[in-house]
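What you see below is based on every heavy atom in this structure, not just the backbone, and it leaves out hydrogens, waters and symmetry mates. Quick caveat, the model's predicted, so the values are computed rather than measured. In what follows, chains carry the letters A, B, and so on, assigned in the order in which the sequence lines appear, proteins first and then strands, with residues in each chain numbered from 1.
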Amino acid sequence: MRKTAQSLAQPPGGAGFDPHGALAELRHFLAANPAFIILAGLMGLGAFLSPVFLTPQNLLNILWTVSVLGIVAMGQTILLLTGNFDMSVAYVVGLAGIVAVISQLWGAGFGLSLLLGLLAGALIGLLNGTLIVWTRANAFLITLGTSILVYSVNLILTQSKTWYASVDSFLLLGRGKLFDSLHYSVILFFLLGVVLELMLRHTTFGRSLFVIGFNPRAGALAGLRVAPIKLATYVFCGTTAALAGLIMTSRTGSTVANAGVGMDFDSLIAAVLGGTSLFGGRGGTLRTIVGVLILGVLNNLLVLLNVPYEAQQIAKGLVFLLVVWMDGFLQKR
Amino acid sequence: MQASNAGHLPDAPLLEMRSISKSFPGVRALHQVSLELRAGEVRALVGENGAGKSTLIKILAGVYQPTEGQILLDGQPQLIRDPAHALRLGIVPVHQEVNLEPYLSIAENIFIGRQPRNRFGLIDFGQMNREAARWLADLGVATDPALPLGMCSIAERQMVAIARAVSLDARVVIFDEPTSSLTLRETERLFSVIRRLQAKKIAVLYISHRMEEIFQICDTLTVLRDGALVATQTLRTVTTDSVIRMMIGRDLQDLYQKQPTAVGPPVLEVKQLTVQGILKDISLTLHQGEILGVAGLVGAGRTELARAIFGDLPYQKGEIWVEGRRIRPTCPDDCIAAGIGLVPEDRKEQGLVLPMPVKNNISLAVLNKLSWLGVIRARRETELAQDSVRRLAIKTPSIRQQVQYLSGGNQQRVVIARWLATHPKVLLVDEPTRGIDVGAKSEIYALLNRLASQGVAILMISSELPEILAMSDRILVMYQGRIRAELPGPQATEETILRFATGQAV
């Protein structure tokens, strides 16, 4: 029975392949997660090209820089696993900061302004999720639509001006460091990645996300309540985007309507670069950490090497295309 | 007729495959298989899943290259480079899922890539439609070729695919399970088309699991087992039993092992269930330990009945009672909680999460029971999977094997295992043996019988009448969304079922 035509479709070394020895296992792991190789390669290249690159200060700087995008990418990864997207995260990042800063001007303290900012993100997530569950329309386009709405709200709230945070403790969120070396936001980013990965691998909720990503119909017929789960993932993604927005605002102490611009695509690139599929069902948040780090290292290198901004954008575009092509290619196999 | 033709080989073969072998890394899919097809011959190709039928067809269609062996067309050796080359040579596969363009018209599909042009270089639709109509009429089909293909039934799409094949000057047409989605009448029409192909001296390779059809339409038969040729014979010299014996390599004592079971109290009661435009006033009672067969043609509402009972299709009127308690399901989860399970019609699309391991597929419906505060207890999940694999004799190298690499019969057992884990009172099974080979079928039947004897109430929907007749304690026959007849299992015959299923008897 093993010799069925179906089993022929199995790539050699795919599932069911059981290598022996730690070395073989490592090789197997790396073959399944090429992102690690890319990251290591880039780090090696960086060390070779720039004397500054491997200094602790620079490495910490990279981590600090990517942590905001990293937190956005966490929510995006959760959505991607179910085969969904959220293109509104960029302006939700802005919205959360704006809501927090404006509520502070109206007298809200640290806790309340934070809560209101997160709530704003969660609400946009709820709106996205409801529209998608309800209309069954394409998630990419729906969230692109709400993205425009959120941007207009941002413009109205800010009256197209820059606003400054007025609560000192709020500034600690983005600028504070543990033991005077590691930013809280970096810790938060890693912690989220690890906790979410554990959630994905070991809880019924995590399992249901993968099932929905692969085959929502089979999931529903096995008793999964797909619609509430989808809603929850959108609310979560909106909330992480808002959290990132609060950190970003606290870092600069100010905010504008388009504060998070570009993070929609960047969070997608980071997740897919790490090894999460655009088609749902495959991936994880630990991989996204790697993907985010690759982007961060790449950016850092281009800056260190004084590559002009235009060329940096070209590099980013190429990476995105490469990643999407690879994802499609791996899916077809 | 042609059968005698193939019997004493007066003319040279049209297509000849000589000692074809095909190996994939780690697996030998075909070993030294030889096959000769004559013009106008209809050859059945049978074998269990994994016997090498698909590989053989794919080699003919240019998808795979043989590792060894030679293919001759009209006595000329040919290297079939790719599918396009196979088409140019006149080898045309008509697939299970016909790959046509739903938004183009029938005529455009027939002439896709070679549309007749007018003098401005634009497509000459008038001429194209006329020619398409001619090809269709040739097959006895009168559908308007200007209709978009998406509006056609599966049977009509098949006819379009055949018309395209014939218009491409086909020499060999390969049918892979062509009747799996057809009604009886459509099947009859397909057969008359195959006879026309035969009259045009086209050779037909016909792959099917359905023995009755093979005996009806084919002249000769080739049996494959484990990648090797078992025999090629004319159909007059074989019987269903001998063919099955050749396919599975052993005696099949009895395909169905129906044991009389004591039928207990009612478990599931459905009263006047109505779904707008689909089901009308369906009432039925299902008892503990009973297998209730549901027969009917495609489109009679059988699958929809199961979906409505399972909370997957909202109903406007009616009541569902499980063990004396009324349920008002809004989604399948409500029904699972009430003790109902559904083995859906389409295993791959609706039943399984194909890229996930056997383990995850088995535990899917009971994940909450296996977990504590939402955390899955890995050991209990593994135990459940191992236990299920053992009890249902699921053939898999490991519970971590992705379910997509299992054979059809084993995949179906994984779906059943999932429901057994819920300890169901009622199991709805929709086409439980579709696309499963003969040997594995009898094991599925044995499993269903065992469940019934353990007190599970089973509602079995099937298009295969022998299966319905052999397995059911009672049989419901549906026609146009209604239950037309309830027949006691032992007394029913194919003729009576068909009379009700086609609306001829009331």
Side-chain angles (χ1 to χ4, degrees), chain A residues 1-19 28 32 81-83 133 195 198-230 232 277 279-283 330-333, chain B residues 24-29 48-55 58 226-227 310 312 331-333 335-337 342 344 348-357 360-361 363-368 370-371 373-376 378 395-398 400-402 404-411 418 422 440:
Chain A
M1 232 40 252
R2 289 282 328 275
K3 274 196 283 175
T4 59
Q6 287 98 312
S7 73
L8 295 178
Q10 180 180 359
F17 179 69
D18 192 19
H28 186 55
L81 289 178
T82 66
V133 167
V195 170
L198 288 173
M199 183 277 287
L200 289 173
R201 303 291 159 200
H202 296 291
T203 68
T204 53
F205 185 75
R207 178 73 60 82
S208 63
L209 299 184
F210 289 107
V211 171
I212 292 172
F214 279 131
N215 190 342
R217 180 85 183 115
L221 285 179
L224 286 188
R225 293 172 186 253
V226 177
I229 295 172
K230 265 196 185 174
S277 170
F279 302 94
R282 290 173 220 272
L330 289 176
Q331 280 290 323
K332 268 184 220 119
R333 281 207 315 183
Chain B
F24 294 95
V27 193
R28 198 173 60 188
E48 295 195 275
N49 285 351
K53 290 171 299 182
S54 317
T55 313
K58 283 181 177 163
D226 292 334
F310 196 57
D312 188 49
C331 68
D333 195 28
C335 294
I336 296 169
L342 170 71
K348 294 182 176 175
E349 291 295 322
Q350 303 164 354
L352 293 166
V353 186
L354 288 174
M356 279 195 157
N360 299 23
N361 274 285
S363 65
L364 192 52
V366 290
L367 266 188
N368 282 325
L370 294 178
S371 52
L373 294 179
V375 178
I376 301 168
K395 281 179 206 141
T396 172
S398 140
R400 290 178 216 296
Q401 175 79 330
Q402 289 179 31
Q404 58 189 326
Y405 300 127
L406 267 52
S407 70
N410 284 304
Q411 288 182 343
R418 172 194 302 160
T422 67

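- Using a 4.5 Å heavy-atom threshold, the side chains of A:Phe210 and B:Val353 count as separate.
- The ring pair (Phe, Tyr, Trp, His ring centres under 6.0 Å) search around A:Phe214 returns none, not counting sequence neighbours.
- Contact annotation for B:Ser363: only side-chain heavy atoms (C-beta onward) come within less than 4.5 Å of a heavy atom of chain A.
- With a 4.5 angstrom heavy-atom cutoff, B:Asn361 does not touch chain A via any of its atoms.
- The CD1 atom of B:Ile376 sits 4.0 Å away from atom CZ of A:Arg207, with the distance rounded to the nearest 0.5 Å.
- Remark: B:Asp312 engages A:Arg217, B:Arg307 in a salt bridge (Lys or Arg N to Asp or Glu O under 4.0 Å) (not counting sequence neighbours).
- Only the side chain of B:Leu342 comes within contact range of chain A, judged by heavy atoms closer than 4.5 Å.
- Here the straight-line distance linking atom CG of B:Leu364 with atom OG1 of A:Thr204 works out to 11.0 Å at 0.5 Å rounding.
- Closest of all the heavy-atom pairs between B:Lys348 and A:Asn215 is O-ND2, 3.6 Å.
- For the set A:Leu221, A:Leu198, A:Val211, the entry with the most heavy-atom pairs within less than 4.5 Å of chain B is A:Leu221.
- Neither the backbone nor the side chain of B:Ser398 comes within less than 4.5 Å of any heavy atom in chain A.
- With respect to chain A, the highest number of heavy-atom pairs below 4.5 Å among B:Gly374, B:Cys335, B:Cys331 belongs to B:Gly374.
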